[in-house]
Amino acid sequence: VEVGGKVKQGSVVLTLEDEIEFTRRYLEIERIRFQDRLTVDMDIDPQALVAGVPTLILQPLVENAMRHGVDSSDTDDSRIQIAAHLQNDQIIMEVRDDGEDLKKISEQNNSAGLGLKNTRARLSELSGEDYSFILRRENGWSTAQIVIPFMPAKEQTKGESQ
């Protein structure tokens, strides 16, 4: 993983396209479990698909959305939205759920959950201090947002051989 022109050893980076595919496979299993109660929408910028991202960076966010949004919902229909787009040489990834578990946001902003602590650590390993990881609740949605510098995965791989 490139940080300051150098690659950190032991970091595993893949394309956002591969990360989205892993996430889709996970959600296929969850759809079997929840059947008609779960709707998933994806809004992925095709230009963002070549971005290098830490392996399984989205899965803990989707798992939290499942646990705190779908599992805890009393309604018959729960929604998860996954989005990724480029903006100002950064890739912005978001996982949103329409669950009403407000306790989730305050606990997670204090990094209480192991999955979120690991996510922060992995982001720090990839990007040093040049990332943001924000949890918020607005307009009926709980949102986990990750912002990292955009770098095509192939450029990161080239750096590993140096």
Side-chain angles (χ1 to χ4, degrees), residues 1-30 40-71 80-97 99 101 103-138 141-162:
V1 176
E2 190 157 329
V3 176
K6 302 270 182 186
V7 174
K8 285 191 171 183
Q9 296 299 321
S11 300
V12 180
V13 174
L14 73 164
T15 64
L16 178 63
E17 182 173 25
D18 288 338
E19 179 68 9
I20 294 294
E21 184 57 33
F22 287 136
T23 301
R24 280 190 175 124
R25 289 179 187 166
Y26 169 74
L27 286 167
E28 285 174 13
I29 294 167
E30 292 298 331
V40 178
D41 299 313
M42 290 199 182
D43 179 17
I44 310 298
D45 177 352
Q47 292 181 323
L49 291 174
V50 298
V53 300
T55 303
L56 298 175
I57 200 69
L58 291 177
Q59 184 157 345
L61 305 181
V62 173
E63 287 175 358
N64 277 344
M66 294 298 301
R67 185 176 334 116
H68 298 288
V70 181
D71 271 348
I80 292 177
Q81 296 178 339
I82 300 169
H85 60 277
L86 297 177
Q87 181 178 353
N88 301 328
D89 295 327
Q90 295 179 313
I91 181 160
I92 300 170
M93 297 173 280
E94 294 184 335
V95 176
R96 295 182 282 274
D97 70 76
D101 190 351
K103 180 179 163 191
K104 167 179 99 169
I105 295 300
S106 62
E107 284 179 357
Q108 290 177 356
N109 272 323
N110 292 326
S111 299
L114 181 61
L116 296 181
K117 284 181 182 178
N118 288 339
T119 298
R120 287 184 199 281
R122 292 172 67 226
L123 287 168
S124 178
E125 183 178 341
L126 173 69
S127 302
E129 295 301 315
D130 194 14
Y131 77 92
S132 74
F133 182 32
I134 299 168
L135 301 161
R136 66 181 179 273
R137 176 85 179 158
E138 62 187 10
W141 292 90
S142 296
T143 302
Q145 181 188 68
I146 294 173
V147 181
I148 58 174
F150 172 76
M151 180 177 291
K154 289 185 182 193
E155 288 181 29
Q156 291 179 7
T157 303
K158 275 190 219 169
E160 289 176 2
S161 63
Q162 295 177 349

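Just so you know, these numbers use all the heavy atoms, side chains as well, and skip hydrogens, waters and symmetry mates.
The closest side-chain heavy-atom distance from Met66 to Ile80 is below 4.5 Å. Side-chain contact between Phe22 and Val62: absent, with no pair of heavy atoms (C-beta onward) separated by less than 4.5 Å. Residues Val40 and Arg24 have side chains not in contact (no heavy-atom distance under 4.5 Å, counting atoms from C-beta outward). At a threshold of 4.5 Å between non-hydrogen side-chain atoms, the residues Phe150 and Val50 count as touching. Counting only heavy atoms from C-beta outward, the side chains of Glu94 and Trp141 never approach each other to under 4.5 Å. Using a 4.5 Å heavy-atom threshold, the side chains of Leu16 and Met93 count as touching. Side-chain contact check for Val53 versus Leu58: every heavy-atom pair is 4.5 Å or farther apart.
Between Phe133 and Ala144 the shortest heavy-atom distance is CE1-CB, 4.4 Å. In plain terms, the two heavy atoms of Gln59 and Glu19 that are nearest each other are N-OE2, 3.9 Å.
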Under 3.5 Å, which donor-acceptor pairs link side chains of residues 83-92 to any protein atom two or more places apart or in another chain?
none

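Atom-to-atom distance recorded for Glu21:CD and Leu14:CG is 11.0 Å, nearest 0.5 angstrom. Interatomic distance, Asn64 CG to Leu135 CG, rounded to the nearest 0.5 Å: 8.0 Å. Rounding to the nearest 0.5 Å gives a distance of 4.0 Å between CD1 of Ile57 and CG of Leu123.
Glu129 CD: 12 or fewer foreign heavy atoms inside a 6.0 Å radius.
When the side-chain hydrogen bond (donor to acceptor under 3.5 Å, both in side chains) test is applied to Gln47, no partner is found at least two apart in sequence or on another chain. Under the rule for a salt bridge (Lys or Arg N to Asp or Glu O under 4.0 Å), the partners of Asp41 that lie at least two apart in sequence or sit in another chain are Arg79. Residues passing the salt bridge (Lys or Arg N to Asp or Glu O under 4.0 Å) test with Glu63: none are found, sequence neighbours excluded. For Asp18, the side-chain hydrogen bond (donor to acceptor under 3.5 Å, both in side chains) partners two or more places apart in sequence, or in a different chain, are Thr15. Take Glu28 and apply the salt bridge (Lys or Arg N to Asp or Glu O under 4.0 Å) test, not counting sequence neighbours, and it matches no residue.
Judged by distance alone, the side chains of Ser142 and Arg137 do bring a donor and an acceptor atom under 3.5 Å apart.
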*What's the verdict on side chain to side chain contact (heavy atoms under 4.5 Å, CB included) for Ile146 and Thr119, showing C-alpha distance, side-chain angles and the deciding distance?*
CA-CA 10 Å; Ile146 294 173; Thr119 298; 4.2 Å; yes

